[in-house]
Amino acid sequence: MEVRLKCARRWHFSSDFHLSITSTLFGTILNLIFIFFGANFNNISSVSASAQVSWTPIHLDSSSQIDLWTQKASGCPCSYAPDNNNCACCVQDGGCHCGEDSPHRCAQCGLTQYCTSMCNMSLDSRALMSSSSKTFGQIKSPADQGPLLCWYNLQPDTGQRVEIQIYRLVSVGRFNGTHCESGFVQLVEGGGPVVNPAGTQICGGNERFSPPVVLFGDKGTATLIFQITEPTVRSQFLAYFSFTSVNSTGVGFQPMGGRRLEHTDCDWLYQDFLCREPGSCKLASPGFPGIYAPRRRCRYHITISSMQTWVRLKFLSLYLPHSQCELDNVKIYQGATNSSALVATLCGNRKKQELNFPGPNLLIEFSSGPAVPPFDYNGFMASLEFWHKPVSTEAPTTTQRVTEQSVLSKSLDARGNNAVQSTARPACELVFNGNESRSGHFDSRKESWHQNCSFVFIGKPSDVVHVSLFNYRLKSSSCQSTIEIYDGLQSEGRKPTKKICSPSTKHAQDPSGKFHEQQLFVSSGPILNILLRRLPTHQASSQSEPEFLDGAYVFHDEHVSGTLQPDALCNVDYFGMSASTYGTVTNAGNQHVFWNVEGPLQCSHRFIPAANQSATVQLVSLGKLRTDPNQCHTRCGDSGCQCVTSQLPLSQIDHIMLSTDNQLTLSCICGNFEEDWLPVGVRSWSPVSIVYHLAHYSWTTKGFQFRADYSFTNDAMCGHQVLTQHLGIIDSADLPTSSQLNYFYHQSCTWLLDSNVERQLTLELQSDQNRQCSAWNLSIHEYSEQNEDRTGTHLYTFCSREKHKNYSLPWKLNIVVIKLSAMTRIPPQFQIKWRSQIVRANTRIAGPTPELGSSGKASSKMCTHHILQIVAVLLLLLKSSNIPCRDFQTINNQKFLHGPLRAIQSLLSDSIPNSSWRFCFMEADAPAFTPSQDSHCSRLNCSRAQFISAIIANSADPDPAPSLAAASVLSAATDCSFPPIHFYATNCTLLV
């Protein structure tokens, strides 16, 4: 008969076990006695060895019992011959005679067909319960010569786990120090006998395991494999199996309160809002309380959705090999990944231990190395408890609580001005003052319950308020409960900028444990108001989960800290005309609005000088970067500091860089940067950004620290200049050379050489320096309006090592762009000379020549310049008097194609008396003017002075196509009446 030991204060015997034991015998053999199994398997408890491994107790009732189902080999009637009493005696509860083929053996009822050879068989929990009233049994493999293979398919019922207890091995391979070879016994998942090389394998030459080697399967059907791969005289193993209830005390453990993550071997997720009740969440190593598999890595993700919630981690059991602490251990990280801060490492055999951690994420990582005899290390088990702890802000938050009918008698309006408020405020009102706390956390659950609760954030006049909502729960139906956000102070008749209606629930993390996208709100001024409206308590559907709201805030001073970009957490712009002329910037990530950020984080500080300014940015201090120097190191040279990576892309490495708007890296720092190399500075005449990049950010670990100084300087050394002279000289700016090791000049300057005549342009470039072309160069381009810097097709690049170069541009290329590109420690030194060979017969009155092969329009600024020339000449002509009259029927438009000055001079070249002129004007909606199109002409009687005044009035209009209003100005100036006209410059060609 089989006996089971109940781990309780009393001994319980099954009803069918009739054994009388005297009190003396009981006291003598108390530690050896076993209790028979009852018919009800659910009442079976566990046995725990000193090594902490627990198993279902399955034992023989005495040393004379042959096996689990055979009491004696003879002395009982044979099942096939009742008159023969020389057959085996079977255990009455669950044992059946094997029959004539094996008269001296018994087996479990339902498995008698395997009496002679228990090999390649299925064990079904339901079938065994039906045939033997038992869901446990014994496996006794054939004692055969190797090599051999036997498998045992175990099929548990719903709510059960597979349990294997191996207690005897005979010539089953050997352990070579890291793994089994030549033979093993292995429990694998699934119904097929497929060996798992990475799974647990038990082996030994002649082993009697006490306690037994305990294996558990928790993923449904499992298969026990017995394999010998070498010749042996006799190989065999003996084991017990059990389909154990997952709710059974001690041996029925299953992770509680968590959820197994899909597509992972043994990863779990535990979330605080699913573990509200004490004892509702537990976690353990795979197969606990049995031994764990070798070479495994299991991760247990714990997420916390509130800043005031902490997690208490209680280790109830921990049993790992002392000799392999580097391989077999439990590591706890303060964050979501193992790149977060490591806060604890547990290994060996420890007693109960309790640890407390804040959120928002915690990672428990269980790792195992190679299997180690005697195959009794069973890992760990721990429980989770979530509890509330008050959270302090960076500075004490001024919280003004008004518990009765209250009024904010004096506050600030949306722009920070004093304003008297007469609207009655809610009975629950929390006021956060930006003069005393710049960042903090708010939670309606910290206050006594009120139907309506208001959160008022009041900053300095130059502040904006940045708010992030972490969690809220609105349970009422049909928008009876709301969260309202006001840009400014809430008052009667004022509409909220955002309204969240019930029913609505938001958790900081999604079901996978990742943070949801942030729900951010930014005010336009220094005040922001959030109003939480709830149903009265007697109308609420359930008070077990009250409606609430929590989040974080930060006051952002735009005068000191730059202009916060819309929909951005930490990207700011500093404009040279409006920001402070100098200041300091530091790393982001310390404000409470970053609490629900986990993963890559990139923040930029962008400095934008005005047209007559340069911006200087210097990185003056830098904390230690977490990057492995083998993955990235910094290399500084004449063209700046660069990040040199080995295997990982730069996006997966912590670094800080200075860059331009077109993504050009000016300097980059990563890895093993030396403090002596600081400061690293750049002076730039175009926008430059400090880009702070973290491969993985979390609220608890944050990132490296830095400090940078910036300043804006008024100068006009670089920019976009337009030069219309036919010859000239451009000299490089006289910039001082810095004594700093890593101070660089970044210049992107352009000179547009324009001419109103067709010409042959020749450039002479020279420099006394001998620098690499990457340090600085001068490039020559055709003109194009498609690019912001007006550079078109590239023609030539001059480097300082050339010393001197003459370059002639293509004939009739009347406009060209010269661009200086520099990123160097030593300021560039150069001289540019240009001269033009002009053909007067082809004088043009248009603006800049379009790029070669293009018919695009030229710059309107060029047109205005030529028109002003016309006006100046006309003013001189007005000084003449007593000019004789001349009658013009029409004016040949082709005359004016030769240039505006010559055309006007030809009109007024003769002595014309001061009498009336008659001119033909082209109507605004008419086609191109020709002398034959008289239908489009009007004969007007205007004096010479009136005509010239009309030209001046019309030419002053900057619009290249005057509207009817512009034509009316002309009409008023000349006292003439005529239809709308074309009197303007199209491509700088005057039409009259």
Side-chain angles (χ1 to χ4, degrees), residues 2 4 37 39-44 46 54-58 67-69 93-96 98 106-142 149-167 184-196 199-202 212-227 237-248 250-255 260 265-266 286-291 293:
E2 34 94 10
R4 297 199 176 196
F37 278 116
N40 188 357
F41 181 65
N42 291 328
N43 291 329
I44 300 174
S46 64
S54 300
W55 66 94
T56 300
I58 305 174
D67 57 36
L68 188 61
W69 309 108
D93 189 10
C96 293
C98 286
C106 295
Q108 186 171 5
C109 295
L111 300 177
T112 54
Q113 67 271 32
Y114 298 105
C115 282
T116 56
S117 178
M118 292 194 73
C119 182
N120 300 341
M121 57 185 294
S122 294
L123 300 169
D124 185 281
S125 175
R126 292 186 179 182
L128 289 178
M129 187 64 185
S130 176
S131 60
S132 65
S133 300
K134 296 291 185 288
T135 55
F136 59 88
Q138 184 180 33
I139 298 175
K140 181 184 290 187
S141 73
L149 172 66
C150 286
W151 53 264
Y152 307 86
N153 183 265
L154 298 110
Q155 303 173 18
D157 199 357
T158 303
Q160 293 178 336
R161 61 192 315 210
V162 175
E163 177 183 354
I164 299 294
Q165 305 171 18
I166 302 172
Y167 60 89
F184 56 84
V185 177
Q186 182 181 49
L187 183 66
V188 298
E189 299 172 359
V194 180
V195 175
N196 180 8
T200 303
Q201 295 179 347
I202 311 301
V213 176
V214 183
L215 305 171
F216 284 95
D218 292 307
K219 295 183 179 179
T221 301
T223 301
L224 187 66
I225 302 174
F226 172 46
Q227 184 173 14
F237 83 97
L238 303 178
Y240 293 122
F241 70 88
S242 174
F243 297 106
T244 307
S245 171
V246 295
N247 298 317
S248 178
V251 294
F253 176 80
Q254 287 277 284
R260 188 188 296 273
D265 183 28
C266 53
F288 187 88
I291 65 174

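Model, not experiment: these values are computed from the prediction.
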Looking at L187, I164, I166, which hits side-chain contact (heavy atoms from CB on, under 4.5 Å) with I202?
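Of L187, I164, I166, side-chain contact (heavy atoms from CB on, under 4.5 Å) with I202 is met by I166 alone.
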Closest approach of [X] to [Y] (non-hydrogen atoms, all atoms of both residues):
X    : Y    : result
C106 : W69  : CB-O, 3.3 Å
I225 : P193 : CD1-C, 3.6 Å
F216 : P289 : CE1-CD, 3.7 Å
Q108 : S132 : NE2-OG, 3.0 Å
G110 : S131 : CA-OG, 3.7 Å
D265 : K219 : O-NZ, 3.1 Å

Report yes if some heavy atom in the side chain of [X] is under 4.5 Å from a heavy atom in the side chain of [Y]; otherwise report no.
X    : Y    : value
C266 : P286 : yes
V213 : T200 : no
Y152 : S141 : yes
K134 : D93  : yes
L154 : F241 : yes
V214 : I291 : no

Interatomic distance, [X] atom [atom1] to [Y] atom [atom2] [nearest 0.5 angstrom]:
X    : Y    : atom1 : atom2 : value
M118 : F226 : CE    : CZ    : 13.0 Å
E163 : D218 : CD    : CG    : 10.5 Å
M121 : I139 : CE    : CD1   : 7.0 Å
K140 : D67  : NZ    : CG    : 4.0 Å
L149 : C119 : CG    : SG    : 7.0 Å

Please check this pair: side chain of Q165 against backbone of P212, looking for a donor-acceptor N/O pair closer than 3.5 Å.
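It does not hold such a pair.
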Within the side chain of N153, is there an N or O that forms a donor-acceptor pair under 3.5 Å with the backbone of G191?
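Yes; at least one donor-acceptor contact below 3.5 Å.
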What residue pairs, at least two apart or across chains, pass side chain to side chain donor-acceptor pair (under 3.5 Å) with a residue in residues 117-129?
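The answer is N120-W151, S125-Q160, R126-D157.
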Quick check: are the SG atoms of C96 and C109 less than 2.5 Å apart?
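With an SG-SG separation under 2.5 Å, C96 and C109 do form a disulfide.
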Checking side-chain contact (heavy atoms from CB on, under 4.5 Å) for the pair L111/L128: CA distance, chi angles, key distance, verdict?
CA-CA 8 Å; L111 300 177; L128 289 178; 3.8 Å; yes
Can you confirm if the aromatic rings of Y240 and F136 lie within a centre distance of less than 6.0 Å?
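No - the distance between ring centres of F136 and Y240 does not fall below the 6.0 Å cut-off.
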